[in-house]
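All chains are named by letter (A, B, ...) in the order of the sequence lines, taking the proteins before the strands, and each is independently numbered beginning at 1. What you see is a predicted model; the values in this text were computed from it and never measured.
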Amino acid sequence: MKERYDPKEVEIKWQSKWKESRIFEPEPDDRKKFFITIPYPYLNGNLHAGHTRTFTIGDVIARYKRMIGYNVLFPMGFHATGTPIVGLVEQIVKKDPETIRVYNQLHQIPMEVLESIKTPENIVEYFSIEAEAAMKSIGFSIDWRRKFTTTEPHYKKLITWQFNLLHSLDKVVKGAHPVRWCPNDENPVEDHDILKGEDATIIEYTLIKFNLDGDILPCATLRPETVFGVTNLWINPKIVHMRLKVNDETWIVSKDAYDKLKYSDKSIELIDQVNGDTLIGKKVINPVTGSSVLILPASFVSPENGSGIVMSVPAHAPYDYLALRDLKGADLTVYGITEDVSSIPLIALIKVPEYGKYPAVDAVTELKVKDQNDPKAEEATKIVYRREFHGGVLTETTGKYAGMSVSKIKDVLTHDLIEQGIADVFYEFSEQPVICRCGATCVIKMVKDQWFLNYSEPSWKEQVYKCLAGMQIIPPELRVEFENKIDWLKDKACARRKGLGTRLPWDMEWIIESLGDSTIYMSYYIIAKYLDKFEPEQLKAEFFDYCLLGKSTAQNASSSTGIDIGIINAIRNEFLYWYPVDLRSSGKDLIPNHILFFLFHHVAIFPETHWPKSIAINGFVSLEGQKMSKSKGPILTLRSAVEEYGADITRLYILSTAEHVQDADWRNADIEATRKQFERFYKIAYDCLTEENNTNSDSTCELKFIDKWMLSKMQYRIIETTDALNRMQTRRAVQNAFYHIINDMKWYERRGGCASKKDILNTWVRLMAPFTPHICEEIWEQLGSGFISLNSFPEADISLIDRSAELAEEITGNTLKDIEEILRLIKLKPTRVVLYTAASWKKNILKKAIMMKKDNVLDMKTLMNALMSDPLMRPHAKDIPKFAQKTINDVQGMENELMVSLTETDFDETSALKESMDFLKRIVECDVEIYNADDAGYDPQGKSRIAVPMRPAIYIE
RNA sequence: GCGGGGGUAGCCAAGUGGUCAAAGGCGACAGACUCAAGAUCUGUUUCAGCAGUGAUUCAAGGGUUCAACUCCCUUUCCCCGCACCA
């Protein structure tokens, strides 16, 4: 161990020793196993600070588990399937300036390398080498024998097997789904291809088919339940409508709606045009209630929204109510309407606590909305909608749906109506327009004949809920998030036309989408170790059936694949040993995709005993307050961080800067501070080890309060660190194992503690080993034998917890603080400091009060009675009430631990202070005297009277 | 809109009923060391105070309690996800 800390030297030394000794290459044995995985990185860039955080947390847990006796499997692979790598190659090959800049300057790829990249394979090769080197440089304890890339032929065999299996289980089905579509490019539009309307989402409307003499007038609505309250339809008389043949029906819709329908999965044929005004005054049949309602004119109806035909529900929609009211007295005879339409009776169907029978009417009255053009109409609509959605219940008007809450009805009702053929689904963007990069306006297209993983299937979801219920989620608050996401997940298109990946085995023109192929790859880590034992073609279904599922026999698997039966047995046994996954630790961005699919596929394929055990989630990392971006910057690569600060400091910093799902902000000023603290740690260790060699007095020196205090403190640090690690609170763990102990050591040295430094260091280094393994190995080399990485994690020794020593240090520290505060205020250089510890009668009162608190009988009356009956107390009768009252207040809020310490130890304040007298003298630079108030000695101002337990009185000259 | 997470001193950030004027870090200021700078160490950093104290604070407002940053209600602001993309 050198006097000056050189991270690089230490890190290279230990990384190569670990490698030579193969200490992170576990084989099954009789220990308990722990299988931890981190999502493999996607190879379209270098590992950055975000990866650094997620992976370091995983490595710390792996190292910790190893030190507490588990046989730990911590493997790593690389993800390369999908489209981004293909896209990146295209950009690099055509020398896109922005791409070249980002990858050359931010990802730090030399120009000659960039120029040599021609194929996706080049990218995969380059980044996989870089990523492995990066992970090694920061000291992750990964078993590298098991690495693989998802584009390898062997791996594709697993995916083929998996999808065949899912297909046979009816988990992969054919269907159609809506996508954002550019009519000009004739392609789905991805996020980064959108010029305008990036936030637009696809909204599903229900289309209700009103009947007009055989023609269908479809009305799009987000609230299908209101069909029960329709009093009329609205049509804009100035708009030309289209009559269409839609499948077997005839529809009338606006021109815009016609354009949209062309991209749906229906067959559409234009018949002729219909002017809006010719429809007004006619009567249509409400397909749900069977009632006949009038079509009325309304200028507010816009052809761009929905079908261009609107159903009117004045009882619950302020606009409809207002429009109807506005028609009062209007002359509609031109449309053949002679009745007074404003007297059409409203139909209520939702009961909501805030309003009477007609919520729209009440809202309009309440907000004093004038007419349909009043901006407040919008507000009224929002309020009514929100209140009805959250608190509304359907009334008898809705027949069999009566009593259901509005928030639950939509899906059920839509489903029912579609089944009866009286409704349909209509898609619309949440905001318009959505413009493609090419300039064209995007539409929503139904992609037909698409392959889906039918995640929405209730029995599949049921299994996932069951799996989740049996899992530990870290942090626990996130469980509800998982439940919501499972609930939200719909069928997922799982095949694409382009990108890297495995072909769908039964429909070879499709490539399996790259999220679907990243779901059970954890099982492949077990196989990946044996890749040199067989060719890809040998990995037939029988192989996976037996090795992963135990179907049939090893003999059969061997004979149908030609793989040695010994290998087959070894793989099966290893699988049974390592599976299931004990912990999957990931960034929070992967919850709604990778992590969720990981659960779905595991429950579909594996028996319950092999379902995952726990999931841990962590937040992102930003740089000096700015969001990182792989493709635009800023970005900080793992390698450059390690280059600049060293592996251990980088690890320590990223672990300590935020907890769990909280986002971390990487700040150079802060990591510099970590570096300084770390160098201090190194110096303490170095001094301790070299002192030990020179003098031998330490171990023979008698233990003082301060030494016992340090040992005691250490036990708490161990307890806290262990507890934090068990909850995967790495920040808290580092606080305790590092920062708090540093501060303890500061105080310890300042107080002149001398004993057991080496013992303390021994514990401390082992406590730190999961976080900063390199330096700890380096120190351990001088302290113990073997690798610290394989040594045991410290366990707290309760017998070393010393409450008297803690009280002694507390009183010393507090007294010093008080003296310093007085000195600061009186601004004098002291010549004499006199301390008086509290009189014994006060200590008695405190103890009595604590005892009463324990028995739950503490109050002023009881305490006074007890005190006054004690003859020894009588001399102080005058002072007792005031002190007793104060004591009661103190004791009410006193921590249990302290009460125990005060009553159950034979701690003596005077002797504790006497022991630290030399220290106090040194700090205040004058003579210090200590008396007990019972026998005050020198006390010119009678200060001893104000002394209370744990708070000596002070007199300064 | 739906769902999730947040709002604590100049900044970052602990803190789920009493040990809290509130850990830790950064920054700032002062002192020690130094010819000096840096590093390091010590202290201060809401306000007032020449005796260890007092007053007012934890987004805003209200409530529960002997006691609230901590529990409940209302309001408000910020961040993230809402998909076929890894």
Distance check: side-chain N/O of [X] vs OP1/OP2 of [N], anything under 4.0 Å?
{"X": "A:R750", "N": "B:G43", "answer": "yes"}
{"X": "A:Q662", "N": "B:C12", "answer": "no"}
{"X": "A:T83", "N": "B:A86", "answer": "yes"}
{"X": "A:R951", "N": "B:U53", "answer": "yes"}
{"X": "A:R732", "N": "B:A23", "answer": "no"}

Rounded to whole Å, how long is the line connecting atom [atom1] of [X] with atom [atom2] of [N]?
{"X": "A:D663", "N": "B:G81", "atom1": "CG", "atom2": "P", "result": "10 Å"}
{"X": "A:L823", "N": "B:G52", "atom1": "CG", "atom2": "C1'", "result": "10 Å"}
{"X": "A:Q735", "N": "B:G15", "atom1": "CD", "atom2": "C1'", "result": "12 Å"}
{"X": "A:D487", "N": "B:G4", "atom1": "CG", "atom2": "P", "result": "12 Å"}
{"X": "A:R832", "N": "B:A51", "atom1": "CZ", "atom2": "P", "result": "21 Å"}

Identify which nucleotide among [options] has an atom closest to any side-chain atom of [X], counting heavy atoms from C-beta outward.
{"X": "A:R667", "options": "B:G81, B:C12, B:U44", "answer": "B:C12"}
{"X": "A:L489", "options": "B:A13, B:C41, B:A83", "answer": "B:A83"}
{"X": "A:E821", "options": "B:U42, B:G49, B:U40", "answer": "B:G49"}
{"X": "A:R731", "options": "B:C26, B:A51, B:A14", "answer": "B:A14"}

Please classify the nucleic acid contact of A:K817 as base, sugar-phosphate, or nothing, using heavy-atom distances under 4.0 Å.
nothing
Just call it for A:R479: base, sugar-phosphate, or nothing, with non-hydrogen atoms closer than 4.0 Å on any strand.
nothing
Under the criterion side chain to side chain donor-acceptor pair (under 3.5 Å), which of A:T151, A:T149, A:T502, A:D517 is the partner of A:T81?
A:D517
Could you check whether the side chain of A:N484 and the base of B:G3 have a donor-acceptor pair of N or O atoms closer than 3.5 Å, going by distance alone?
no
